[in-house]
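A short write-up of the structure that comes next.
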There are 2 protein chains.
Amino acid sequence: MGDPGVTSTDRQATARRTDDDSARERVLRAADRLFYDRGVQAVGMDELRAASGISLKRIYRLFASKEAIVEEVLRHRHELWEAGISAAVSAAAEPRERLLAVYDFLARWFDDDGFRGCFFINSFGELSGTAPRVTELVRAHKAGFQETVARLVAEAGGPPELAPQLAILAEGAQTTAAIAGTSEAAGQARAAAETLIDVALRPARNRAA
Amino acid sequence: MGDPGVTSTDRQATARRTDDDSARERVLRAADRLFYDRGVQAVGMDELRAASGISLKRIYRLFASKEAIVEEVLRHRHELWEAGISAAVSAAAEPRERLLAVYDFLARWFDDDGFRGCFFINSFGELSGTAPRVTELVRAHKAGFQETVARLVAEAGGPPELAPQLAILAEGAQTTAAIAGTSEAAGQARAAAETLIDVALRPARNRAA
DNA sequence: TTGCGCGGAGAACGTTCGTTCTCTATGGTA
DNA sequence: TACCATAGAGAACGAACGTTCTCCGCGCAA
């Protein structure tokens, strides 16, 4: 090529790097689906190899261990979640609607085919007793959501106590929808959130007992 | 003894039955603690044998399989839960306080040493992908709780929509407390429940936007 | 064309799992 | 005392796990 500094071995290294990137992505995509659908421990590495089309040798050159793959999947899901929430919130202009957009986002998610609850909650139940790093990632993910809600509440001029209440509604909707196998919990949580928001944003005289 | 109809083999059978009962109980108690603390799949049958003091041979005469033990533990936890909720609710007289007693019950539970979330939610996350009977038991347990709340709401004269909202708050508090490792979610859920109850029981003019 | 290094497929390894079986001892019954 | 059913301890089993290794073939440099 035109660049005299780029040697043949450089070009090889670059090609390998992009190959590795796409292989990583294929492994992570397959792991995400398998782990989410059936649980981490129920999926063997050989099944992950078959689903991803990447040989075991290569998988273990790309990742240190199965647990490292689990952690990477959690990180990826975290980014997807943050992006999804952010997009849903951005679509609304009024502060109150921006808060409620969280529950509309949940409703669309619950209606997905193959929805099986929150992967973080599921992983916590399965692995928190034996995998401290997983526990840490789950905790960080949920703490991040609490912060997001707290920021939205502050922007709406609501009191700080409102934020954890709205977050708890979202968490409860996720487990309720997953276990019941229906999506109605999203609307129920949304209705409760409306009430809580309206009461919190109303003058104090209406809040007293 | 005095009863001429009681033969020697009858007496043997009776003795065996009570021995079996206490052995079953020991296995179930050990299984409950181990499965809850570390997850079902992380605990081997040999560890259950060591913790219960019952030989593997006897365990497998008392239970058909490891999964049968898991199901029995879930059934036992379900009874404990119903009894606990029932006792907490009974301690209050006013309909509103009876509803809020649910969250006080949660608060005491969250403060227990070794609290690690709801065993049903955890088991769902770990096993629902592979064990349909477990999924069924978890679903039945949560449906029972929804019914309990619905009954309390009806007794308080609240509208039917209030019940799932309060149930979702309880579910969310459980996962939030488990993952965060703190018990404050119980109080936050209780505060939200107070607001929702008060609004629902107040004349309609205050509920409109 | 001849080496050479990296690739993939999948066999193999050592563990560990859930479950069953063997062996020995023991306690009650005739 | 002799017998028999049952108990417990734990070895053994086949399967499956996560991880590593062996083998073979392809593609590039000279």
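Per chain, numbering begins at 1; letters A, B, ... match sequence-line order.
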field: Interatomic distance, B:Ile59 CD1 vs C:dT20 P [rounded to whole Å]
entry: 13 Å
statement: Closest non-hydrogen atoms of A:Met45 and A:Ile59, given as atom of the first, atom of the second and distance, are CE-CG2, 3.9 Å
- request: Mind calculating the distance between CD1 (B:Ile54) and P (D:dG10) to the nearest angstrom?
  value: 15 Å
query: When rounded to the nearest 0.5 angstrom, what distance separates CZ in A:Arg29 from NE2 in A:His76?
result: 8.5 Å
field: Name of the residue among B:Val40, B:Leu48, B:Leu62 meeting side chain to side chain contact (heavy atoms under 4.5 Å, CB included) with B:Ile69
entry: B:Leu48
Could you list all N or O pairs between the protein and nucleotides 11-18 of chain C that sit under 3.5 Å apart?
{"residue": "C:dG18", "atom": "OP1", "partner": "B:Val43", "partner atom": "O", "Å": "3.4"}
{"residue": "C:dG18", "atom": "OP1", "partner": "B:Lys66", "partner atom": "NZ", "Å": "2.2"}
{"residue": "C:dG18", "atom": "OP2", "partner": "B:Met45", "partner atom": "N", "Å": "2.7"}

task: Determine whether the aromatic ring centres of A:Trp81 and A:Phe105 lie less than 6.0 Å apart.
output: yes
- request: Return no unless some side-chain N or O of A:Arg49 is found under 4.0 Å from OP1 or OP2 of C:dA9.
  value: no
message: With heavy-atom distances below 4.5 Å as the criterion, would you say the side chains of A:Leu127 and B:Glu126 are in contact?
response: no
query: A:Tyr36 ring centre to A:Arg77 NZ or CZ under 6.0 Å, with the angle to the axis within 45°?
result: yes
message: Can you measure A:Arg61 atom CZ to C:dA9 atom C1' for me and round it to whole angstrom units?
response: 14 Å
- request: Report the distance from atom NZ of A:Lys57 to atom C1' of C:dC6, rounded to the nearest whole Å.
  value: 7 Å
query: On DNA chain D, nearest-nucleotide positions of B:Ser55 versus A:Glu67: which is more 5'?
result: B:Ser55
